[in-house]
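What's counted below: heavy atoms across the whole structure, side chains too, no hydrogens, waters or symmetry copies. In the text below, chain A, chain B and the rest are named by the order of the sequence lines, each starting its count at 1.
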2 protein chains.
Amino acid sequence: MPPKSIQRTPEQKAPAAKATIADVAREAGVSKATVSRFLNHGDKLLSADIASRVESAIASLRYTPSPMAQSLKRGKSGLIGLVVADVANPYSVAVLRGVETACREAGYLVILFNISNDREREQEAIAALSSYQVEGFILNTSGYMPSKSRKPDHYGKPAVLVDRRHADMQEDFVSLDNASAMAMAVDHLVEAGYRELLFVTQPLSNVSSRIERETAFRNCIAGRTSKVNGASHENAEDDAEALEQALRRLVKPGPGTRRSRRPAIITGNAVMTLRVAAVAARLGLQLGKDLGLIGFDDAEWAPLIGPGITTIAQPTDELGRMAARCLIERIEGFNLPPRQILLSGRLTARGSTMQE
Amino acid sequence: MPPKSIQRTPEQKAPAAKATIADVAREAGVSKATVSRFLNHGDKLLSADIASRVESAIASLRYTPSPMAQSLKRGKSGLIGLVVADVANPYSVAVLRGVETACREAGYLVILFNISNDREREQEAIAALSSYQVEGFILNTSGYMPSKSRKPDHYGKPAVLVDRRHADMQEDFVSLDNASAMAMAVDHLVEAGYRELLFVTQPLSNVSSRIERETAFRNCIAGRTSKVNGASHENAEDDAEALEQALRRLVKPGPGTRRSRRPAIITGNAVMTLRVAAVAARLGLQLGKDLGLIGFDDAEWAPLIGPGITTIAQPTDELGRMAARCLIERIEGFNLPPRQILLSGRLTARGSTMQE
DNA sequence: TTGTATGCGTTATCAG
DNA sequence: CTGATAACGCATACAA
């Protein structure tokens, strides 16, 4: 057996060292500039003869331009920076999916930065991404830096916000239409005979989507001339205790109150839905009977918990795609005023909000 | 009011144009080379005086080196390419999270490429990532290209595989210890009195983790001298029908069989767990009573479906971190033989596998 | 239509 | 210890 020399993949003669534009130029017997022209303007500026020579040289060398070098030269990179508040959050991930797809289809790649809900790191994320010459940002963050009490700097690059609005927002904004989604939820509950409503949310703490939903909820209640009661409960991460209290209070109203007022809960997102379902189970409350439940965000498990949980699904994939498209439009030069794109949710009725 | 000139952020005198190494050199009254030395070797090669001058120039100009330019020069980018079979899969996402964290901590950023379970696009993903000079790949893919019937080319860059093993694997491999996890599952069921076992999985179709689990299942059954029966069922994406048949057959054994043989199902992942739970509900089967159920992958909803579903949790975050660490070790030059890192799962018993 | 020369922001190789 | 200077791979103004 002959001593095995340099490893080579079967179908590739040249060593792995990537071909550069200079190699192509040499192979085709032209200058680097000519090759560059072919790359950027096709055969518009070249004679047919030379164009084809360059073309076949590129093919035979399997040449691919280096985005890095291009980026350095042009100041643009084909990269889009995505900053996510928390990759553990299914919502973020669902959006991420749409974003990645749309970007790739448009020839961009996504660099991901997760800040694990640490607001202080938003600026760090943007800076890191920016140094990689990303051409724009998609932000699913609060946009608020407590310690600095100012907005993060976007380095003059376009950005689009998803789900979370920023103060004095100059950017495009893509989100669920929270007001009408909440209206759907309340209407649905009232129609099903529920009269004592509780909105349960994670702490509002400057997260615009939570605030919008809470506000919409109050408006819905206030707007009803009929006898619907409503209250909100902010539930901290670890405070199952408080949540249990709130449920107890909701279900077993004080003395002197008729029991004709059926109680129901609206949860602000899937996380809270799960928590409420857990507490309800612990208290022995039957969903759809002792307690109505409708939650923002649809999840695969929603049909399977108890009698099935009624949800308002967000068009997450579409939200992500929209965000990406907005950003790319701006990147490619259209200079539009800030837009707000509000997509509507879809209600799926299940056992947890049964008619009386 | 004076005509407002160029917009400037309050605390930043210079225009937004990012400072370069040349700016710093000028500001400090030294050469670019000197600044570069300071950047790369600290003050080891510089006189204290000059070092401090450079240092303050950097600070006052808020200078940050351009990774792009560095990358061009050094041939390394600080980027790691992550190719995910399907971002819609909670498992992928959970791993992604660990990967992102570990990479960032080590000073790398992650570029994400999702191939939506399209095996043909694995090579495309790797090529795209490679052109961005990523320093290595983390792959959660099949590594198998049906149409080409060969393995994707990694361009000589290090790669680590997560969850899915490739043929003739030369790469590091990080995964759940499927064999012992399956053993745990079977032991648990047998101990709880179940005797008629069915393993339900998505189609094996060359996905190594599915194959390993199925094989492990068969081995477990074969290894038992006692009277435990076992069978496997591959369930296609859209075939609820077949799944229902399988459940029916499992629960209602043919004539002449004693009913002392309690039936139970082991699901290969969370997706299948949900599907089985749905079908069981439709058939009116009580989990933990008429039918045992234990599933791979723990999810937040597991405790809430029916009497709670027993699961085997994968240490997803740790898997991601491990993968990242392995890759980074290789990137930074340690030339080790291929390793396999198998992490064990954790069983959480819930109502769906109650004792008789 | 094509080639030459220059520069993008860094790092490395030389001298000094 | 420090400073010119030449690459890295590419795109473009300018010259031919």
Side-chain angles (χ1 to χ4, degrees), chain A residues 14 16-55 57-58 61-79 127 130-135 155, chain B residues 14 16-55 57-58 61-79 107 130-135 155:
Chain A
K18 254 200 97 183
T20 76
I21 203 171
D23 299 324
V24 177
R26 196 176 326 110
E27 173 87 4
V30 298
S31 75
K32 294 190 297 178
T34 301
V35 179
S36 178
R37 283 189 193 103
F38 178 82
L39 261 24
N40 296 294
H41 312 281
D43 46 11
K44 295 207 156 193
L45 272 51
L46 301 183
S47 67
D49 170 41
I50 294 229
S52 76
R53 259 160 57 202
V54 173
E55 185 164 19
I58 288 179
L61 262 45
R62 283 173 171 55
Y63 167 77
T64 323
S66 152
M68 288 299 196
Q70 289 181 315
S71 158
L72 191 60
K73 189 67 198 160
R74 315 202 248 220
K76 45 169 40 196
S77 61
L79 257 21
S130 171
S131 76
Y132 276 96
Q133 309 278 43
V134 298
E135 301 190 33
Y155 302 98
Chain B
K18 253 198 98 182
T20 77
I21 203 172
D23 299 325
V24 176
R26 197 175 325 109
E27 174 88 4
V30 298
S31 74
K32 293 191 299 177
T34 301
V35 178
S36 179
R37 282 189 194 103
F38 179 81
L39 261 24
N40 296 293
H41 312 281
D43 46 12
K44 294 205 159 194
L45 272 52
L46 300 182
S47 66
D49 170 42
I50 294 226
S52 75
R53 258 160 57 201
V54 172
E55 185 163 19
I58 289 179
L61 262 44
R62 282 172 171 57
Y63 166 78
T64 324
S66 152
M68 287 297 189
Q70 288 180 319
S71 158
L72 188 59
K73 191 66 195 160
R74 313 203 252 222
K76 43 168 43 197
S77 61
L79 257 20
S130 170
S131 76
Y132 276 96
Q133 308 277 44
V134 297
E135 301 189 34
Y155 301 98

*asked:* side-chain contact (heavy atoms from CB on, under 4.5 Å) for A:V24 and A:V30? Distances and angles first, verdict last.
replied: CA-CA 8 Å; A:V24 177; A:V30 298; over 6 Å; no
*Residues in salt bridge (charged side-chain N to carboxylate O under 4.0 Å, His left out) contact with B:E135, at least two apart in sequence or another chain*: B:K76
*Whole-Å gap separating C1' (C:dT1) and NE2 (A:H41)*: 13 Å
*asked:* If you compare all heavy atoms of B:E55 against all heavy atoms of B:F38, which two are closest, and at what distance to 0.1 Å?
replied: CB-CZ, 3.8 Å
_Within the 4.5 Å heavy-atom criterion, are B:L39 and B:I58 side-chain neighbours or not?_
yes
_Tell me the closest heavy-atom pair linking A:Y155 and A:A127, and the distance in Å._
OH-CB, 3.3 Å
*asked:* Using whole Å, what does the distance between atom P of nucleotide D:dA4 and atom CD1 of B:I21 come to?
replied: 14 Å
*asked:* If you compare every side-chain N and O of B:T34 against the phosphate oxygens of D:dG3 (OP1, OP2), does one of them come in below 4.0 Å?
replied: yes
Please list each protein N or O that sits under 3.5 Å from an N or O in nucleotides 13-16 of chain C, with the distance.
none

*Specify the separation, in whole Å, of atom CZ of B:F38 and atom P of C:dG9.*
21 Å
_Which heavy atom of A:A19 sits nearest to which heavy atom of A:Y63, and what is that distance?_
O-CD1, 3.3 Å
*Would you please name every residue forming a side-chain contact (heavy atoms from CB on, under 4.5 Å) with B:K32, sequence neighbours left out?*
B:I21, B:A22, B:A25
*Quickly work out the A:L39 CG to D:dC10 P distance and round it to whole Å.*
8 Å
*For A:R53, enumerate each residue passing the salt bridge (charged side-chain N to carboxylate O under 4.0 Å, His left out) test, keeping only those at least two apart in sequence or located in another chain.*
A:D49
*May I have the distance from A:Y132 (atom OH) to C:dT10 (atom P), rounded to whole angstrom?*
13 Å
_Under 4.0 Å, heavy atom to any atom of DNA chain D: which of residues 43-53 of chain B qualify?_
B:L45, B:L46, B:S47, B:I50
*So which of residues 63-77 of chain B are in contact with DNA chain D, with a heavy-atom cut-off of under 4.0 Å?*
B:L72, B:K73
_Full working for side-chain contact (heavy atoms from CB on, under 4.5 Å) between B:L79 and A:M68_ = CA-CA 12 Å; B:L79 257 20; A:M68 288 299 196; 3.9 Å; yes
*side-chain contact (heavy atoms from CB on, under 4.5 Å) between A:S131 and B:K18, worked out*: CA-CA 9 Å; A:S131 76; B:K18 253 198 98 182; 4.2 Å; yes
*Rounded interatomic separation in angstrom, taking CG from A:N40 and C1' from D:dA13*: 15 Å
*Does A:T34 have any side chain to side chain donor-acceptor pair (under 3.5 Å) partners at least two apart in sequence or in another chain, and if so, which?*
A:S31
*Of the non-hydrogen atoms in B:A69 and A:L72, which two are nearest, and what is the gap between them?*
CB-CD1, 3.8 Å
*Exam field: side chain A:S77 to backbone A:Q133, donor-acceptor pair closer than 3.5 Å*: yes
_Whole angstrom value for the distance that separates P of D:dG3 from CZ of B:R26_ = 15 Å
_Using a heavy-atom cut-off of 4.0 Å across all strands, would you classify A:V30 as base, sugar-phosphate, or nothing?_
sugar-phosphate
*Write down the distance between CD1 (A:I58) and C1' (D:dG9), rounded to a whole number of angstrom.*
14 Å
Please output the side-chain donor-acceptor pairs of residues 40-47 of chain B that fall under 3.5 Å, not counting sequence neighbours, one pair per line with the distance.
residue, atom, partner, partner atom, Å
B:N40, OD1, B:R74, NH1, 3.4
B:N40, ND2, B:S36, O, 2.8
B:N40, ND2, B:S36, OG, 3.2
B:S47, OG, B:I50, N, 3.4

*Bend across the helix from C:dT1-D:dA16 to C:dG16-D:dC1, to 10°, with axes taken over 5 pairs at each end?*
50°
*Would you tell me if any nitrogen or oxygen in the side chain of A:T20 comes within less than 4.0 Å of OP1 or OP2 on D:dG9?*
no
